[in-house]
Amino acid sequence: MPREIVQERDVALLAARGPEGHHGGMIRYVFNTSRHTRSRENGGGAMRLARISMLSGLLLFAMVGTLVAPGPAPSQAAGGTVTVAQGAEPATLDPFQEISRTGYNVTLHIYDPLFMRNDAGKIIPMLATGYKIINPTTWEFILRTGVKFHNGEPFDAAAVKFTLDRALLKDSPSNYLVDGVKDVRIVDPRTVQVTTADPMPLLLPNLMLLGIAPSHYYQAQGASYVATHPVGTGPYRFQSWVKDDRVTLVANHDYWGGVPSIESLVFRLIPDPAARVAAFRSGEADIITDFAPDLVSSIANDPRIKADVTTGTRSINIMLDTGTGPLRDKLVRQALNYAVDKDAIVKNILGGFGTVESTLVPAAYLGFSPLLRPYAYDPAKARALLAQAGYPNGFDIVFQSPRGRYLADAQVSQAVVGYLKAVGVNADLKYYEWGNFVNMYFKHQLGPIFLIGSGSAALDAADALENVSCDVWDSWYCNQGIQAIYVKAKATLDPDRRAALYREIQSLVYDEAPIIFMYTQKGIYGVNTRLNWTPRSDETLWLAKATLK
């Protein structure tokens, strides 16, 4: 979604060792809250896929393993400011409306979720301290006590219910995270029970992307006010937002997890990749995202700064509105896939910082299909297919692209337009700043052709395949036969069986070609060496535990 949109849902399935214990017919998962040393993620270390356990003869999805709490932070902020430059700013600071990765990197510091992942990819407790799987469609969450929102409002079960109920509204962009939840019930002030219509294997990783909001404040002030005056329980409080420039956060000295070491975080908007690198080299930014690939070598001899590369999990593709004009024809869509030289784009524009994919499901995801091969670059075949479809002279169409959101996105879009033109498809390329682009995405106003990125919080193919499912806001394609398999897969608890269904879907999608399948990009970050911090492969910028040397 996108899975950019946090569909830019985004990270790995938790390693599983089996249930920690059975208690009265329930599986209970409690977190070890002892001191823990943070381990660094080397940008895509191997993650074992979750296994299943038996409960009363039923298969349950057991997302367990060693579950650990965040390590204690210093009792007093050490001070200092860290500036992060991204290619896009949040569209809003309302946790229900902002689901892009760049926005999430800001709001995650303001709003705590119930759970999150640490740098090693393990689930750790945040506002929830544990959970029980009562049956395949019932989850019970145990909540942390003594936590207050930044305005003094207490955190409790009512806040969790309000947040989930609000996310369930059909006009909420965060609806995809909880779609399938049937009921949210308060058991007591520190216990919430969630019932789903069908088994939801990915409920837990989805909840890691949903920040908990204060019900009284949100209802009293209204969504439009909260969008620019956010209040959460997180390690940082909102200070200011200069639109089209920067968001400034300051340390929450009453944070339940300990006061952050760094006193102030500044998230700057610098859409132009070269300008981001220039700000990084001059010391105006301590961290930059989507480092321009062709400029990585330019900092090789500077001891003050470095480029860190992570194994990517974000799939970049060219979406096609299959209900419009020539794109209705499968032969046309296949032709467009043959027309684009993805290997050349990855090599020459991304500098090798990417992997060409055969479908929209990256190799790191559960359900990836290794038997499929990427569409070959074959402009002659592309022209032949266009002629067969009745377009021997090609056609004219509009191509839309963000600029500065993804790695070399503007250059990639320009290259794709050039390849399409070579086979007779004249695409009028239009660039948009990210805020406008993502707003058009939410309203389903993009197309007929546009570039978008997506990722998965669970590294599960369900998120990627939603882009080709029916009746969802982020899909421009619908095939009822494929949809039936997709619905079955999403409710399948056995990960091996679920993966097999995903592979079946991908074979059909590959032939239907509702997307120009492109590549998975690697993460390239600029990091000032004065920081003790390592970027993660899931693109989450978590700075609450970072320190200055």
Side-chain angles (χ1 to χ4, degrees), residues 1-10 13 49-50 52 59 61 99 136-137 168 170 173-182 196-206 209 313 315 317 319-323 327-328 330 333 357-372 441 444 452-517 520:
M1 266 160 204
R3 288 202 246 285
E4 154 60 311
I5 304 184
V6 209
Q7 221 176 21
E8 225 167 38
R9 289 176 186 188
D10 300 282
L13 285 176
L49 294 176
I52 53 174
L59 289 172
F61 185 70
I99 57 172
T137 58
L168 279 166
K170 290 302 180 183
S174 57
N175 175 271
Y176 77 89
L177 295 170
V178 291
D179 186 28
V181 169
K182 185 171 66 174
T196 62
D198 297 299
M200 286 183 64
L202 304 183
L203 177 62
L204 196 62
N206 283 359
L209 301 175
T313 57
S315 177
N317 295 292
M319 303 294 287
L320 307 175
D321 186 346
T322 60
L327 300 180
R328 292 189 181 98
K330 179 175 72 172
R333 302 193 300 264
E357 301 289 2
S358 56
T359 72
L360 69 170
V361 179
Y365 286 21
L366 173 72
F368 168 73
S369 182
L371 299 180
L372 296 174
Y441 186 93
H444 217 267
I452 195 71
S454 67
S456 168
L459 289 188
D460 188 281
D463 290 343
L465 293 173
E466 182 164 312
N467 289 134
V468 290
S469 63
C470 302
D471 303 321
V472 294
W473 58 269
D474 56 343
S475 173
W476 277 252
Y477 172 79
C478 176
N479 179 300
Q480 293 298 337
I482 293 175
Q483 181 70 9
I485 305 171
Y486 177 70
V487 170
K488 181 179 180 181
K490 282 186 66 176
T492 299
L493 295 169
D494 181 342
D496 293 332
R497 176 58 183 151
R498 193 161 75 253
L501 291 170
Y502 290 152
R503 287 191 290 270
E504 181 181 350
I505 292 171
Q506 286 173 81
S507 294
L508 299 172
V509 170
Y510 181 87
D511 180 65
E512 283 289 304
I515 290 171
I516 301 178
F517 307 115
T520 299

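Everything numeric in this text was worked out from a predicted model, so none of it was measured.
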Visitor: Quick one, L366 and P495 - any side-chain contact, counting heavy atoms below 4.5 Å?
Guide: yes
Visitor: Nearest 0.5 angstrom please: D474 CG to H444 NE2, how far?
Guide: 7.5 Å
Visitor: Heavy atoms only: give me the nearest P201-L493 pair and the separation to one decimal.
Guide: CG-CD2, 3.8 Å
Visitor: Only counting residues at least two apart or in another chain, list the ones meeting side chain to side chain donor-acceptor pair (under 3.5 Å) with R503.
Guide: none
Visitor: Please report the shortest heavy-atom distance between T492 and R498, naming the atom on each side.
Guide: O-NH1, 2.9 Å
Visitor: Less than 4.5 Å apart, any side-chain heavy atom of K330 and any of D511?
Guide: yes
Visitor: Do you know which two heavy atoms are closest between T196 and M200, and how far apart they sit?
Guide: CG2-SD, 3.4 Å
Visitor: Return the minimal non-hydrogen interatomic distance between D494 and D496, and the atom names on each side.
Guide: OD1-N, 2.9 Å
Visitor: Residues in side chain to side chain donor-acceptor pair (under 3.5 Å) with D321, at least two apart?
Guide: T324
Visitor: Dump the intermediate steps for side-chain contact (heavy atoms from CB on, under 4.5 Å) on I99 and Y176, then the final yes or no.
Guide: CA-CA 10 Å; I99 57 172; Y176 77 89; 3.3 Å; yes
Visitor: Donor-acceptor pair, distance only, cut-off 3.5 Å: does the side chain of N317 make one with the backbone of M319?
Guide: no
Visitor: To the nearest 0.5 Å, what is the distance between OG on S475 and CD1 on I515?
Guide: 8.0 Å
Visitor: Using the six-membered ring wherever Trp is involved, compare the ring planes of W476 and Y441 and label them parallel, tilted or perpendicular (cut-offs 30° and 60°).
Guide: tilted
Visitor: Measuring from L465:CG to L508:CG, what's the distance to the nearest 0.5 Å?
Guide: 10.5 Å
Visitor: What heavy-atom pair brings L168 and V181 nearest, and what distance separates the two atoms?
Guide: CD2-O, 3.8 Å
Visitor: Applying side chain to side chain contact (heavy atoms under 4.5 Å, CB included), can you list everything that pairs with Q483, at least two apart in sequence or on another chain?
Guide: S469, C470, Q480, Y486, V487
Visitor: Just verifying a value: how many Å separate S507 OG and L371 CG, rounded to the nearest 0.5 Å?
Guide: 7.5 Å
Visitor: Using distance alone, with no hydrogens and no angle criterion, decide if Y502 and D460 have a side-chain donor and acceptor under 3.5 Å apart.
Guide: yes
Visitor: Could you tell me which non-hydrogen atom of L320 sits nearest to which non-hydrogen atom of A513, and how far apart they are?
Guide: CD1-O, 3.9 Å
